[in-house]
Structure formats: C-alpha cells, structure tokens
Amino acid sequence: MPFPEQFVWGAAAASYQMEGGVEADGKGLSVWDVMCRQPHKVAGGHTGAVACDHYHRYAEDIQLMADIGLQAYRLSLSWPRILPEGIGPVNEKGLDYCDRIIDTLLEHNIEPWVTLFHWDYPEALFQKGGWLNRDSADWFAEYTQVVVDRLSDRVTHWMPHNEPQCFIGLGHQSGDHAPGLKLSFSEVLTAIHHSLLAHGKAVQVIRTQAKRPPQIGTALVGIVSIPATDHPDDIAAARASTLAVNGKHCWNNTWFADPLILGHYPEDGMARFQQIMPTIQSGDLETICQPLDFYGLNIYQGQTVRANSGESATSIAHPPGGPRTTMDWPVTPEALYWGPRFIYERYQLPIVITENGMANCDWVHRDGQVHDPQRIDFLTRYLQAYGRAIDDGIEARGYFLWSVMDNFEWAFGYDKRFGIIYVDYESQQRTLKDSAHWYKQVIGSNGQTLA
C-alpha cells in the first residue's frame with residue numbers, strides 16, 4: 001500500500017519522560033517533579049530526576065534517531081526549563097539547550113515537530129491556580145512567545161498541547177497524574193476551557209510571530225469506536241459513539257476538538273453539562289477557534305461496538321485471552337482505520353498520527369539484542385489499517401511512533417517500555433530493538449514493506 005509521496009515518518013517523546021536534569025542549569029520545578037516526591041504516587045518510587053539523561057545525551061540519542069532513518073522527531077519543550085517561574089525571567093541556559101536540540105536534529109536531516117506542553121506544568125503557576133486560573137491562557141501565550149522568538153527561524157511544525165484529555169482528566173479529575181487533583185466536574189470543565197483558551201492564544205502567537213511559515217496542529221487523544229461489522233448500521237453507531245460526549249469525564253473527542261476547529265462546544269455535551277458549564281466570556285470561542293493545518297491523533301486502542309435497535313451503540317467485550325500490551329490495553333489495529341476516518345469526516349483536516357505504539361515485555365537477550373516481535377506485529381497491523389484509511393480517501397500527512405526510546409512512563413515509572421530503543425536505566429546503555437531495525441526498513445520503503 002503506497003503511502004503519500006510527502007508522508008512523514010517519525011517518532012515521538014516528551015521532555016519530562018526523557019530529559020532528567022530536573023535541577024540542571026536553572027530549571028524550575030514542574031508539577032511532575034513534585035508528584036514524584038510524594039509517596040505511592042509513582043510505581044516503585046521512581047522519579048524523572050534522571051530518566052534517560054537525554055539532557056546530557058541528546059547528541060548520542062539524535063545520532064541513533066538518524067541511524068534509524070527518522071525523518072521527523074516530535075519532541076516537547078520543558079516550560080519550567082525555559083521559564084523557571086512559568087512567566088517572567090527567561091532561563092537562557094534552558095533556551096540554549098533547546099537551540100542545541102533543534103540544531104542537532106537539523107544537522108541530521110530530522111525535522112523537529114515541537115509540542116509546547118506535554119504535562120510538565122510549572123509548579124510556580126500551579127500555586128497560582130494552574131488551569132483553574134483564567135490567567136493561565138495568558139501565561140501560556142507568554143511562554144509560547146519566548147519559544148517562538150527563539151526557535152521559529154528553524155522550527156515550522158507546532159502543537160500547543162499534548163492530550164488535554166489526560167492532563168486534565170488524569171491530573172485534575174482522577175488524581176492519577178500530576179498535579180494529583182480530584183476536582184468537581186464543574187471545575188474540570190473550567191480547567192478544560194482555560195486550556196483551550198491557552199491553545200488558541202498560542203496559535204495566535206505562532207501565526208503572527210513565527211519567522212517561517214508555520215504548520216500548526218493538535219495532539220489529542222483519539223477515542224475510537226470500531227464497528228463490529230461493515231453493516232451501515234454498525235458503522236453509523238461507531239461513528240456516533242466516536243463523536244459523542246457520553247459522561248462526566250474527559251474521554252471523548254468532541255468536547256476538546258469542536259471548540260478548536262468548529263468554534264463551539266458540541267450540543268450533546270452542552271445539554272449534558274448545562275448546569276455546570278464553565279464561564280465563557282464574550283470572544284472566548286473566537287480566540288479558541290484558530291486556523292489549524294492538521295489534526296494530530298494519539299491512538300493506541302479502540303472499543304468495538306454494534307448498533308442497537310435505537311441509535312445508541314452497545315460495546316462488545318474484548319475476547320477473553322485476547323492480545324493485550326503490558327499496559328493491559330487491547331490490541332485493536334482497526335482503531336487506526338476508523339479513528340482517522342471518523343475524525344477526518346467531521347473536521348476535514350489532514351490527519352497526522354502523533355502517537356501510536358505499545359508497551360512490551362522487553363529485555364536484552366543473551367545475544368546482546370532486544371527481540372520484540374510482538375511490537376513489530378502490532379505496528380505492522382496498525383500501520384496497515386492506517387494505510388487502508390489513506391487508500392479510502394483520508395488525507396494523512398504523517399505517523400509518529402511512540403516512543404523513540406524507553407522512558408519514564410508517568411505514574412508507571414520505569415516499569416513500562418514503549419521504546420524502539422532499549423534503555424538500561426542503571427548504565428544508560430542504549431540498544432536498538434529489532435523494531436528499530438524494522439522501522440528503518442518501513443521508512444526507507446515509504447511503507448512498502450508493510451504489504
């Protein structure tokens with residue numbers, strides 16, 4: 001299945017999961033630094049203090065990315081490394097580090113795709129109310145301005161936020177992630193609204209201030225319903241389920257994407273939340289709804305559904321003993337067909353898969369190699385499904401494998417390995433897994449080896 005000629009093959013990672021150096025060169029505290037210090041919040045008492053030591057080993061790591069043949073690397077920047085207090089004085093050493101990363105990537109012909117915020121919120125701003133404070137949108141715009149001033153002569157691809165469903169839902173509703181809050185749902189909706197405002201203001205800054213013409217998109221969780229059969233009723237039920245707001249939680253697509261792209265909150269959600277809607281000031285939705293160039297989707301799994309006699313969908317249990325990753329997530333390759341299809345149909349924006357991959361049970365074998373056939377099989381199946389979506393008319397621009405290397409998996413610490421590069425966290429030795437060599441062939445053939 002030929003992928004488009006200009007299709008971008010990349011891999012992704014995040015600053016806090018990779019860098020370490022949590023107190024190096026004037027970096028400020030993030031909410032994850034604080035979370036890691038609290039007992040029983042992170043598996044094994046692990047912290048991001050060292051992680052993959054990417055802060056010091058970035059040159060070695062980028063060389064490995066080049067060896068794999070990556071055309072692009074989706075990285076995030078650490079807000080408190082650049083602005084230790086979140087606003088105000090700039091940490092020049094933090095910006096210098098960003099410069100070095102970007103320059104080294106470009107020297108290796110790897111295009112940087114920059115995510116401005118991947119969950120490491122400045123602790124100093126959290127103490128001022130964080131996303132519950134309406135000023136958070138302006139704080140984020142100030143940070144964006146600093147980054148754009150420094151990097152936009154070389155960076156053209158931008159995503160303001162990674163997965164607001166997670167940093168709000170897991171960080172502010174369930175309390176599983178930093179900052180560990182369990183807010184009322186009315187407060188959750190307020191935090192979401194302010195994060196959307198921040199996204200809109202960031203896009204405005206990038207559009208007006210970037211030194212090179214920017215490409216700006218999202219990196220949203222893709223909540224995917226998969227039809228049980230190809231019967232039109234099942235497809236319609238899966239589409240409706242994928243695009244529904246069906247509870248007082250963050251696990252949907254449209255409450256986050258509709259304001260960004262269509263300029264309004266979805267009607268079903270507004271009806272459901274009418275008694276607890278956040279304060280929406282005049283002009284807010286116009287600020288939030290800025291022109292975007294692509295819809296970035298992070299998809300790992302989906303839920304199979306079938307049509308009821310009415311318009312609702314019934315979820316079908318995953319088969320007992322069926323394939324699962326070490327995150328205990330079901331392996332559902334069709335999610336990478338139906339997710340892009342349903343989202344593209346609604347929003348008419350080119351699709352980029354900004355994250356997809358699996359946690360696997362990896363170790364260094366006796367021959368010194370890391371054999372991960374499950375990951376190769378997983379990725380092959382998912383990429384074949386994505387290719388079918390493209391064949392069926394979905395405009396798609398790229399794919400970013402999660403993750404370029406094993407790293408700090410948030411509340412799971414170092415117990416889960418998503419990378420195609422193995423990291424021994426004690427020695428910091430890197431080993432390309434079989435999947436890395438496989439991915440090099442996929443990239444080199446523009447997906448032809450997936451057939």
> Are side-chain N/O atoms of Ser225 and Ser241 paired as donor and acceptor at under 3.5 Å?
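The answer is yes; a qualifying pair exists.
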> Could you go through Tyr121 and Trp131, starting from their C-alpha distance and side-chain angles, then the distance that decides it, and tell me whether this counts as ring pair (Phe, Tyr, Trp, His ring centres under 6.0 Å)?
CA-CA 10 Å; Tyr121 196 89; Trp131 292 118; 5.1 Å; yes
> Please tell me whether Arg81 and Tyr97 have a donor and an acceptor in their side chains that are separated by less than 3.5 angstrom.
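Absent: no donor and acceptor within the cut-off.
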> Would you say Phe400 and Val352 make side-chain contact, with heavy atoms under 4.5 Å?
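Phe400 reaches Val352 side chain to side chain.
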> Using atom types as modelled and distance alone, determine if a side-chain donor or acceptor of Tyr16 lies under 3.5 Å from a backbone N or O of Ala51.
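Not confirmed, Tyr16 side chain does not pair with Ala51 backbone.
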> Under 3.5 Å, side chain of Thr380 to main-chain N/O of Leu450, donor-acceptor pair present?
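Not confirmed, Thr380 side chain does not pair with Leu450 backbone.
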> Give a yes or no on whether a salt bridge exists between Glu345 and Arg341, defined as a side-chain N under 4.0 angstrom from a carboxylate O.
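So Glu345 pairs with Arg341 through a salt bridge.
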> Looking just at side-chain N and O atoms, do Ser184 and Glu187 make a donor-acceptor pair shorter than 3.5 Å?
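A pair is found: one side chain offers a donor N or O, the other an acceptor, under 3.5 Å apart.
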> Using a 4.5 Å cut-off on heavy atoms from C-beta on, say whether the side chain of Leu285 contacts that of Leu196.
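Contact flag for Leu196/Leu285 side chains = no.
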> Is there a salt bridge (charged side-chain N to carboxylate O under 4.0 Å, His left out) between Glu92 and Arg150? Walk through the geometry before answering.
CA-CA 10 Å; Glu92 287 297 330; Arg150 185 64 166 258; 3.0 Å; yes
> Is it the case that Thr156 and Glu111 place a side-chain donor and acceptor less than 3.5 Å from each other?
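Checked: Thr156/Glu111 side chains pair up, N/O donor to acceptor below 3.5 Å.
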> For Phe294 and Trp113, I'd like to know if the aromatic rings sit close, meaning centre-to-centre distance below 6.0 Å.
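Yes, the ring of Phe294 comes within the 6.0 Å limit of the ring of Trp113, centre to centre.
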> For the side chain of Asp406 and the backbone of Lys416, is there at least one donor-acceptor N/O pair under 3.5 Å apart?
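The answer is no, because no donor-acceptor pair under 3.5 Å joins these two groups.
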> Should Ile216 and Ile206 count as side-chain neighbours, where that means a heavy-atom distance under 4.5 Å?
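Contact flag for Ile216/Ile206 side chains = yes.
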> On a heavy-atom basis, which atom in Arg212 and which in Asp153 lie closest, and how many Å separate them?
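Closest approach of Arg212 to Asp153, heavy atoms only: CD-O, 2.9 Å.
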> I'd like to know if the side chain of Gln429 reaches the main chain of Tyr422, judged simply by a donor and an acceptor atom lying under 3.5 Å from each other, with no hydrogens or angles considered.
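No; judged by distance alone, with no hydrogens or angles, the pair does not exist.
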> Measure from the side-chain N and O atoms of Lys440 to the backbone N and O of Asp67, and report whether any donor-acceptor pair falls under 3.5 Å.
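Yes, Lys440 side chain to Asp67 backbone: donor-acceptor pair under 3.5 Å.
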> Are the side chain of Asp120 and the backbone of Ser30 linked by a donor-acceptor contact shorter than 3.5 Å?
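A pair under 3.5 Å: no.
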> Minimum heavy-atom separation for Met327 and Ala359, please, with both atom names.
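Smallest heavy-atom distance, with atoms named: CG-CB, 3.6 Å.
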> Indicate yes or no for a side-chain donor-acceptor contact from Thr287 to the backbone of Leu197 under 3.5 Å, with no hydrogens or angles considered.
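Not at all, since once roles are kept as given, no pair shorter than 3.5 Å links the two residues.
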> Could you give me the CA-CA distance, side-chain angles and deciding distance for Phe167 and His172, then say whether ring pair (Phe, Tyr, Trp, His ring centres under 6.0 Å) is met?
CA-CA 7 Å; Phe167 69 75; His172 294 74; 7.4 Å; no
> Does the plane of the ring in Trp255 sit parallel, tilted or perpendicular to the ring in Phe273? Use 30° and 60° as the thresholds.
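Because their plane-to-plane angle is over 60°, the rings of Trp255 and Phe273 count as perpendicular.
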> Within the distance-only criterion (no hydrogens, no angle test), does the side chain of Asp424 pair as donor or acceptor with the backbone N or O of Ser427 below 3.5 angstrom?
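Between the backbone of Ser427 and the side chain of Asp424 there is a qualifying donor-acceptor contact (under 3.5 Å).
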> Between Ile390 and Pro4, is any pair of side-chain heavy atoms under 4.5 Å apart?
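Result yes, sub-4.5 Å side-chain heavy-atom pair found.
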> Angle between ring planes, Trp410 versus Trp119, binned at 30° and 60°: parallel, tilted or perpendicular?
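Trp410 vs Trp119 ring planes: tilted.
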> State, with a plain yes or no, whether a side-chain heavy atom of Leu95 is found less than 4.5 Å away from one of Val146.
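A side-chain contact under 4.5 Å exists here.
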> Just checking, any donor-acceptor pair under 3.5 angstrom between side chains of Asn298 and Glu163?
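There is such a pair between these side chains.
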> Please evaluate residues Asn133 and His194 with respect to the criterion side chain to side chain donor-acceptor pair (under 3.5 Å), reporting the C-alpha separation (whole Å), side-chain torsions for both, the decisive distance (0.1 Å), and the verdict.
CA-CA 7 Å; Asn133 188 329; His194 294 159; over 6 Å; no
> Pick from Leu401, Ile68, Ile443: which one makes a side chain to side chain contact (heavy atoms under 4.5 Å, CB included) with Trp9?
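The single option meeting the side chain to side chain contact (heavy atoms under 4.5 Å, CB included) with Trp9 is Ile443.
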> Under the 3.5 angstrom rule, does the side chain of Tyr143 hit a backbone N or O of Leu116 as a donor-acceptor pair?
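Answer holds: yes.
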> Looking just at side-chain N and O atoms, do Asn162 and Thr115 make a donor-acceptor pair shorter than 3.5 Å?
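Their side chains do not contain a donor-acceptor pair, so the 3.5 Å distance test is not met.
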> Taking the six-membered ring for Trp, are Phe117 and Trp79 parallel (under 30°), tilted (30 to 60°) or perpendicular (over 60°)?
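Perpendicular: the ring planes of Phe117 and Trp79 meet at over 60°.
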> For Glu60, look at atom CD and say whether over 12 heavy atoms of other residues, nucleotides or ligands are found less than 6.0 Å away.
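Yes, CD of Glu60 has more than 12 neighbouring heavy atoms, counting only those of other groups under 6.0 Å.
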> Applying side-chain contact (heavy atoms from CB on, under 4.5 Å) to Tyr414 and Glu409, what does each step give before you reach the verdict?
CA-CA 6 Å; Tyr414 298 100; Glu409 187 48 44; over 6 Å; no
> State whether a side-chain donor-acceptor pair under 3.5 Å links Asp258 with His264.
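No, His264 and Asp258 have no side-chain donor paired with an acceptor closer than 3.5 Å.
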> Between Asn356 and Tyr300, does the side chain to side chain donor-acceptor pair (under 3.5 Å) criterion hold? Intermediate values first, please.
CA-CA 5 Å; Asn356 170 249; Tyr300 293 89; over 6 Å; no
